[in-house]
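Remember, predicted model here, so these are calculated numbers, not experimental data. Chain letters run A, B, ... following the sequence lines, proteins first and then strands; every chain starts at 1.
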Protein chains: 2
Amino acid sequence: MKTKANIPEKTIERLLIYRRELLNLKQEMKTAVFSHQIAQLTGATPVQVRRDFMQIGYFGSSVHGYNVDELINSIGEFVDDVQTQNVALVGVGHLGRAILDYLQGRREKLKITALFDVDPTKVGSVLHGIRCYPTEQIPEIITHENIKVAIVAVPESNAQEVAERLVWAGITGIVNYAPIKLNLPPEVYVENRDMVLAVEKVAFYSRRVNKKEELL
Amino acid sequence: MKTKANIPEKTIERLLIYRRELLNLKQEMKTAVFSHQIAQLTGATPVQVRRDFMQIGYFGSSVHGYNVDELINSIGEFVDDVQTQNVALVGVGHLGRAILDYLQGRREKLKITALFDVDPTKVGSVLHGIRCYPTEQIPEIITHENIKVAIVAVPESNAQEVAERLVWAGITGIVNYAPIKLNLPPEVYVENRDMVLAVEKVAFYSRRVNKKEELL
DNA sequence: TTAACGTCGTGATTTTTGTAACAACGTTAA
DNA sequence: TTAACGTTGTTACAAAAATCACGACGTTAA
Ligand SMILES: NC(=O)c1ccc[n+]([C@@H]2O[C@H](COP(=O)([O-])OP(=O)(O)OC[C@H]3O[C@@H](n4cnc5c(N)ncnc54)[C@H](O)[C@@H]3O)[C@@H](O)[C@H]2O)c1
Ligand SMILES: NC(=O)c1ccc[n+]([C@@H]2O[C@H](COP(=O)([O-])OP(=O)(O)OC[C@H]3O[C@@H](n4cnc5c(N)ncnc54)[C@H](O)[C@@H]3O)[C@@H](O)[C@H]2O)c1
């Protein structure tokens, strides 16, 4: 895949958003779509949409626009692995449970295949058909299931330790819901999802709106 | 505040991250800190750190670095409102519960003061001292409590409708956990937090790490 | 006294990201 | 046949963000 070299991160993010909406269009039996429609559905601009598709080497027709099915496949070829990627979820509390309920079955190529927790009442149980293991078994299971991606939903105080164990076991990508910066080797890709920061940011920008209105 | 005009969004995000770590330093009784230490703790570069502080008009000393307390206050003066901002949480399921547990009491200037749900078993109950109201009362409560920020944690199928109701009631900032693009007036600030997209992105970049290792 | 050091603040530069402009090309309708 | 239309692909341009490079300024120690 020659194009794959230097696609901007922002483009990757948008491609995933496009796909989400394209899957909806497919549900609605739509077969073709124009860039300005995708833009409308996703909050991007039409030019941005077209350029993003250009970057992954998918070309539409100036008459019918883009073929929904083909486009979904092209994005998939680009962002997905050939095989399904297995995912581990560590910390099966309220948050972990919500994540599990929500994620499971949403994407063909992503599957949570192992849960980990320390709580003896949770270890050994099976949720959504997935077994919950004690954290001691992280190396064993991660290796055996060839898991590279993990979701960390444990309390702040345990997140660093858990993350290190995961990386040691072979994990190379982490979605981190704990409100700390994980200190890990730079080759591990970490996406942080601290909710407090999100709310703070929205609180900040929501205020500017109010300020603006006052001036009118 | 004259500086407040044109601070980049990325800087705002980093300032909030800096503050999170500075609050930890304060807990540890640290009183001063250098830019390279903050950089280390947050994943930024030292220059970026200094630049960001420059932008909000806080200046350190080249000898002692930055005063932790003062810096926390300066960031606060910049990003926080003078009074506490009240926040509404809509959808008290697994996700909503986790958000509530986690957010409440973490920040002086942000407080969840109202819950909304449609489930009769939840409406009327009190969690963390906060009452859960039926969604019909959104306009009334939002107005009465002067709430401008809301967190949407309802199922996908209801998110758009709920968001519209919130905006109609006066909400100007939303953290959206439903996996859809909310179609709202452009002056409403929306932060989307779709977990599937986060995992997909991490899955993508985690793979590149593996690829790289293969080449060595 | 002065030179070496470490850090800050900031102008200059590079890199990344987004936007505008427009040619190319079917399609439609005069 | 031809002109007008709407959309795509792409080049050129602009804006935003990150990085580099260096002067300024206490502090330390020779
Ligand atoms: N970023 C966010 O959006 C957000 C939102 C809510 C919670 N959180 C964070 O996620 C954490 C989990 O939230 P929650 O509401 O599910 O809390 P919770 O207490 O309901 O769940 C935590 C789970 O982690 C397990 N656990 C504890 N230590 C562990 C370890 N060392 N290894 C494996 N599992 C372990 C516990 O047994 C429990 O099941 C919170 O502490 C908070 O830091 C983040
Ligand atoms: N983005 C993410 O990270 C993420 C993760 C998990 C879930 N989700 C989304 O958030 C939603 C909630 O997740 P959950 O696990 O808490 O689901 P849940 O079913 O446990 O909770 C949903 C809650 O919303 C309430 N609700 C339903 N319709 C409502 C309405 N019109 N107004 C007010 N409340 C209403 C329900 O009564 C329930 O209490 C999911 O459907 C999913 O779309 C997002």
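Looking at residues two or more places apart in sequence or on another chain, you find a side chain to side chain donor-acceptor pair (under 3.5 Å) between Asn192(A) and Asn176(A).
Here dG9(C) is the nucleotide among dG9(C), dT27(C), dA21(D) with the atom lying nearest to any side-chain atom of Phe59(B). Proximity note for Arg50(B) (side chain, C-beta onward) versus dA18(D), dT11(D), dC8(C): the nearest is dC8(C). Listed candidates were dA18(D), dA12(D), dG26(D). Nearest to the side chain of Arg51(B) is dA18(D). For Ser62(B), whose side chain is taken as the heavy atoms from C-beta onward, the closest listed nucleotide among dG6(D), dG6(C), dA17(D) is dG6(C).
As the counterpart of dA17(D), dT14(C) is assigned, both hydrogen-bonding distances of the Watson-Crick or G-U wobble pattern falling under 3.5 Å. Nucleotide dC22(C): paired with dG9(D) (Watson-Crick or G-U wobble, both distances less than 3.5 Å).
Note that the CZ atom of Arg19(B) and the NZ atom of Lys26(B) stand 11.5 Å from one another [nearest 0.5 Å].
If Lys10(A) and His64(A) are placed on DNA chain C by their nearest nucleotide, the residue sitting closer to the 5' end is Lys10(A).
Residue Ser61(A) is classed as a sugar-phosphate contact, given heavy-atom separations below 4.0 Å to backbone atoms only. Contact annotation for Val63(A): backbone-only contact, meaning every heavy-atom pair under 4.0 Å involves sugar-phosphate atoms and none involves a base.
The stretch residues 33-45 of chain B touches DNA chain C through Phe34(B), Ser35(B), His36(B), each having a heavy atom within less than 4.0 Å of the strand.
Each of Val92(A), Ile142(A), Leu89(A), Val152(A) was compared with Phe116(A) under the side chain to side chain contact (heavy atoms under 4.5 Å, CB included) criterion, and only Ile142(A) meets it.
Note on ring orientation: taking the six-membered ring where Trp is involved, the planes of Tyr58(B) and Tyr66(B) are tilted (angle from 30° to 60°).
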